[in-house]
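Everything quoted here is computed from the prediction, not taken from an experiment. Numbering of residues begins at 1 and proceeds along the displayed sequence.
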Amino acid sequence: ADASPMQVESAAPAGEPDDGKAREVCVALAQHLQADDFACRSLLDDNAALLRRALGDDFPPLAEAVANFDYVAALELLKQAAAARGIKLD
């Protein structure tokens, strides 16, 4: 029973690096999308699980826009999703 509170306490700080990493990936993705850089697809694919957790329901339309090479729409979706979650892209 004593292990449970310790696990809960250690779970909270463990989320912070993920948040930082999610922000890093979102910023990099925004830069690639703004530059019409095909590398955005690899970045999205390589970090899909992280982005799915960070962006929730906004991830599938973002991924679809990137897959369709609609980088203008993808960038707008990313900006909206990030803003809604307090993720600063600049």
Q) Between atom CZ of F69 and atom CG of D36, what is the distance when rounded to the nearest 0.5 Å? A) 11.5 Å
Q. Is there a path of hydrophobic side-chain contacts, each under 4.5 Å between heavy atoms of I, L, V, M, F, W or Y residues, that connects L62 with F38?
A. yes
Q) Closest approach of L55 and A82, non-hydrogen atoms and distance? A) CD2-N, 4.5 Å
Q.
How long is the straight-line distance from NE2 of H32 back to OG of S42, given to the nearest 0.5 Å?
A. 9.0 Å
(Q) Measuring only between side-chain heavy atoms, which start at C-beta, is Y71 closer than 4.5 Å to L78? (A) no
Q) Donor-acceptor pair, R85 side chain versus A54 backbone, under 3.5 Å? A) yes
Q: May I have the step-by-step check of side-chain contact (heavy atoms from CB on, under 4.5 Å) for L77 and D58, ending in yes or no?
A: CA-CA 7 Å; L77 288 165; D58 290 322; over 6 Å; no
**Q.** Greater than 12 external heavy atoms within 6.0 Å of Q80's CD
**A.** yes
Q | Atom of C26, atom of L51 and distance for their closest heavy-atom approach | A | SG-CD2, 3.8 Å
Q: Could you give me the CA-CA distance, side-chain angles and deciding distance for L29 and L75, then say whether side-chain contact (heavy atoms from CB on, under 4.5 Å) is met?
A: CA-CA 8 Å; L29 184 58; L75 180 59; over 6 Å; no
Q. Does D37 reach the main-chain N or O of A39 with its side chain, forming a donor-acceptor pair under 3.5 Å?
A. yes
Q) At their closest point, which heavy atom of V25 faces which heavy atom of L50, and how far apart are they? A) CG2-CD2, 3.8 Å
Q: Please name all residues satisfying salt bridge (Lys or Arg N to Asp or Glu O under 4.0 Å) with D45, sequence neighbours left out, ordered by chain then number.
A: R41
(Q) Run N47 and K21 through side-chain contact (heavy atoms from CB on, under 4.5 Å) and show every step you take. (A) CA-CA 10 Å; N47 295 282; K21 177 69 173 166; 4.1 Å; yes
Q: Just do the side-chain contact (heavy atoms from CB on, under 4.5 Å) check on V66 and L33 with the steps written out, would you?
A: CA-CA 8 Å; V66 171; L33 290 169; 4.0 Å; yes
(Q) Please find the pair of heavy atoms, one from D57 and one from P61, that lie closest to each other, and give the distance. (A) O-CD, 3.5 Å
Q) Can you name the closest pair of heavy atoms from R23 and D90 and give their distance? A) NH2-O, 3.0 Å
